[in-house]
Amino acid sequence: MNNPGGSPHYPNPSQQPDSFYGGAQQQFPPGYRDHGGYGASQYSNSMVGGPYAGWAARVGATVLDGLIIGIPAGILFGLAYATGFDSGDSYLVAKVDGTFERTTVGGGIDGVGITLMAVAVLVALAGSVLLIYREGATGQTPGKALLGIRLISESTGQPLGFGAALGRKFCHVVDSSACYIGFLFPLWDAKRQTLADKITSSVVVRT
């Protein structure tokens, strides 16, 4: 359409094509970036959503999570030993050469101690499963949340889910091989990944 002066009228270059023609703005999923120019938009190569977490932060989060599980379980184990351990009965027994030897009869963990130890094991197991579930569902354990880091999928930028998070824990067996070298990989790896991270295509990022 021509304006009254006779020169052609062009749309404002800063106006989005959809809004200019009356259409609704198109919605894109997380990770989408517009690199300029109509039709030039594309998904970014990186979906992680933040810089990679350092080795120290990852170790700190692991220590905090270990304390969350270990302290209650340790208290229960201590109670099991303190209240359920029977030292047995000690006797002096005469030997044929005229000397005496002290002999202990009985002793060990009684029923109360065994029960407390079983509860301690269950607490540690339930706590570990709960942490894995939280990590798979939200990307964060309490330790990761306190230190501001998150575990996500390298390809989607979303939490792994419980199954993949559990599989990643089993993959730490690979990290433990060869003098635990896999756990040190984040010190020099470009994506700060352990071997388990590489196997499961996951990364840990700062939030």
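What you are looking at is a predicted structure, and each value in this text was computed from that prediction instead of being measured.
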Quiz prompt | Working for side-chain contact (heavy atoms from CB on, under 4.5 Å), residues F77 and L116 | solution = CA-CA 7 Å; F77 273 114; L116 288 172; over 6 Å; no
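- Side-chain contact between S176 and F183 is present, with at least one heavy-atom pair separated by less than 4.5 Å.
- Atoms SG and CG, from C179 and L184 in turn, are 10.0 Å apart once rounded to the nearest 0.5 Å.
- In this structure, Y52 and V204 have side chains that are not in contact, with every pair of non-hydrogen atoms separated by 4.5 Å or more.
- Between E135 and F162, every side-chain heavy-atom pair lies at or beyond the 4.5 Å cut-off.
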Practice problem: Could you give me the CA-CA distance, side-chain angles and deciding distance for R58 and L147, then say whether side-chain contact (heavy atoms from CB on, under 4.5 Å) is met? | Solution: CA-CA 8 Å; R58 297 182 59 160; L147 292 181; over 6 Å; no
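- Using a cut-off of 4.0 Å between Lys/Arg side-chain N and Asp/Glu carboxylate O, K198 and D189 are scored as salt-bridged.
- Cluster annotation: I68 and I75 are assigned to distinct hydrophobic clusters (Ile/Leu/Val/Met/Phe/Trp/Tyr, side-chain heavy-atom contacts under 4.5 Å, transitive).
- The closest side-chain heavy-atom distance from Q140 to L151 is not below 4.5 Å.
- Note that CG of L131 is 4.0 Å distant from CD1 of I69, once rounded to the nearest 0.5 Å.
- In this structure, the separation between CG on L160 and OG on S153 is 6.0 Å, given to the nearest 0.5 Å.
- Between the side chain of Q193 and the main chain of S202, a donor-acceptor pair closer than 3.5 Å is present.
- Using a 4.5 Å heavy-atom cutoff, the side chains of T138 and P159 are not in contact.
- Between K191 and E154, some side-chain heavy-atom pair lies under the 4.5 Å cut-off.
- Between the side chains of T194 and D197, at least one donor-acceptor pair of N or O atoms lies under 3.5 Å.
- Heavy atoms only, all atoms of each residue included: R134 and P142 are closest at NE-CD, 3.9 Å.
- Considering OG1 of T141 and CG of L146, their distance stands at 8.5 Å, rounded to 0.5 Å.
- With a 4.5 Å cut-off on side-chain heavy atoms, C171 and L195 do not count as touching.
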Practice problem: Show your working on side-chain contact (heavy atoms from CB on, under 4.5 Å) between R192 and V203 and close with a plain yes or no. | Solution: CA-CA 7 Å; R192 303 294 186 262; V203 290; over 6 Å; no
Self-check item: Test log, rule salt bridge (Lys or Arg N to Asp or Glu O under 4.0 Å), inputs D175 and R168
Solution: CA-CA 11 Å; D175 289 323; R168 178 175 173 271; over 6 Å; no
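- Contact of the T62 side chain with the V59 side chain is not registered, since no non-hydrogen atoms from C-beta on lie closer than 4.5 Å.
- Both F185 and V174 sit in one connected hydrophobic cluster of ILVMFWY residues. Membership requires side-chain heavy atoms under 4.5 Å apart, directly or through other members.
- Summarising the geometry, atom CE belonging to M117 is positioned 11.0 Å from atom CG belonging to L76; distances are rounded to the nearest 0.5 Å.
- Hydrophobic clustering (ILVMFWY, side-chain heavy atoms < 4.5 Å, transitive): L187 and V205 are in distinct clusters.
- Of the possible donor and acceptor atoms, one in the side chain of T207 sits under 3.5 Å from a partner among the backbone N and O of G148.
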